[in-house]
Amino acid sequence: MIHPRYVIPSIISILGLCVGISSIKFALNSQFDYAVIAITIASIIDTIDGRIARLIKGTSKFGAELDSLIDFINFGVAPAITVYIWILKDLGNAGWLLVLFHSVACCLRLARFNLGSKTNNEKWRENFFTGVPSPAGAGILLLPLILSLSDFSSNFDYKKLAIIFIIASTFLMISKIPTYSLKGVKVSRPFLIFLLLLIAVYFGSLINYPFNTLLATGFLYLSLIPISFVHFKIIKKRSSKASDSLISEDFI
């Protein structure tokens, strides 16, 4: 008999899948605000289900594979189709080709992540992803739509913006650009209360000003990509020097 602690994380993941797929229904009904909110909720669920599994010691190979498949649907397929229905359908076959590029890139990115997580032995690398993770890729793809729904909407050429951002998200997901991961970050007790306060403020803003907050989050994330690249190179160089020094000591 399967212990409930192994089932609970999978149930949460499937809930996220249902929410993510529902974004396509909202897009078909031209309810693009609800579609963006659904994908946002799916990304939040994706963030917490793994943490809950580790907290209750309910991690499993089945859960890991299920999570990866759900990520492909929620962040590789649903957001791309949402943007296609919103504006890319006007491009005809070229618009659909962009959707295919994004979805395939997300699939390849997840396959590489699954393989890399099994072969990565250096502890410091846990603080970085190789390329942009699929939820962030979906967020980048949706930025033009989010902009159109925010208080900063204007007479932008959203069609061109959608093309630029779907190409950017596709490239960033399959690239080897190191981006920050929060998995290895540990918060000391004195700063925990400030972190909780910051989270409360963020979710308060998300509830009251959803699209303005998502827009700011998206551009903040984009601005962190070059910073994470430089940071990764510095840490890698230090790690290489430390390894060389240990090897030299072994031969003395």
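Under the rule for a side-chain contact (heavy atoms from CB on, under 4.5 Å), the partners of Thr213 that lie at least two apart in sequence or sit in another chain are Tyr202, Ser205, Leu206, Tyr209, Thr217. With sequence neighbours excluded, no residue forms a ring pair (Phe, Tyr, Trp, His ring centres under 6.0 Å) with Tyr221. In terms of the side-chain hydrogen bond (donor to acceptor under 3.5 Å, both in side chains) criterion, residue partners of Ser169 (sequence neighbours excluded) are, by chain and number, His102.
The backbone N or O of Leu100 sits nowhere less than 3.5 Å from a side-chain atom of Ser103 that would complete a donor-acceptor pair. Side chain of Ser154 to backbone of Phe156: no donor-acceptor contact under 3.5 angstrom is found. A donor-acceptor distance shorter than 3.5 angstrom exists from the side chain of Thr179 to the backbone of Gly131, with no hydrogens or angles considered. Side-chain atoms of Ser68 do not come within 3.5 Å of backbone N or O of Ala64 as any donor-acceptor pair. At distances below 3.5 Å, at least one donor-acceptor pair connects side-chain atoms of Asn208 with backbone N or O atoms of Gly204.
At least one test fails for Arg109 against the ring of Phe75: distance under 6.0 Å to the centre or angle within 45° of the axis.
Side-chain contact between Arg112 and Lys176 is present, with at least one heavy-atom pair separated by less than 4.5 Å.
Separation of atoms CG (Leu17) and CG (Asp46) is listed at 11.0 Å; rounding is to 0.5 Å. The OG1 atom of Thr170 sits 7.5 Å away from atom CG of Leu141, with the distance rounded to the nearest 0.5 Å.
Taking each heavy atom of Asn74 and Gly20 in turn, the nearest pair found is OD1-CA, 3.3 Å.
Ring geometry for Phe194 versus Phe191: interplanar angle of 30 to 60°, hence tilted.
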(request) Starting from the C-alpha separation in whole Å, work towards a yes-or-no answer on side-chain hydrogen bond (donor to acceptor under 3.5 Å, both in side chains) for Asn127 and Ser181. (result) CA-CA 5 Å; Asn127 295 320; Ser181 164; over 6 Å; no
(request) Just do the ring pair (Phe, Tyr, Trp, His ring centres under 6.0 Å) check on Phe128 and Tyr180 with the steps written out, would you? (result) CA-CA 5 Å; Phe128 297 92; Tyr180 283 126; 5.6 Å; yes
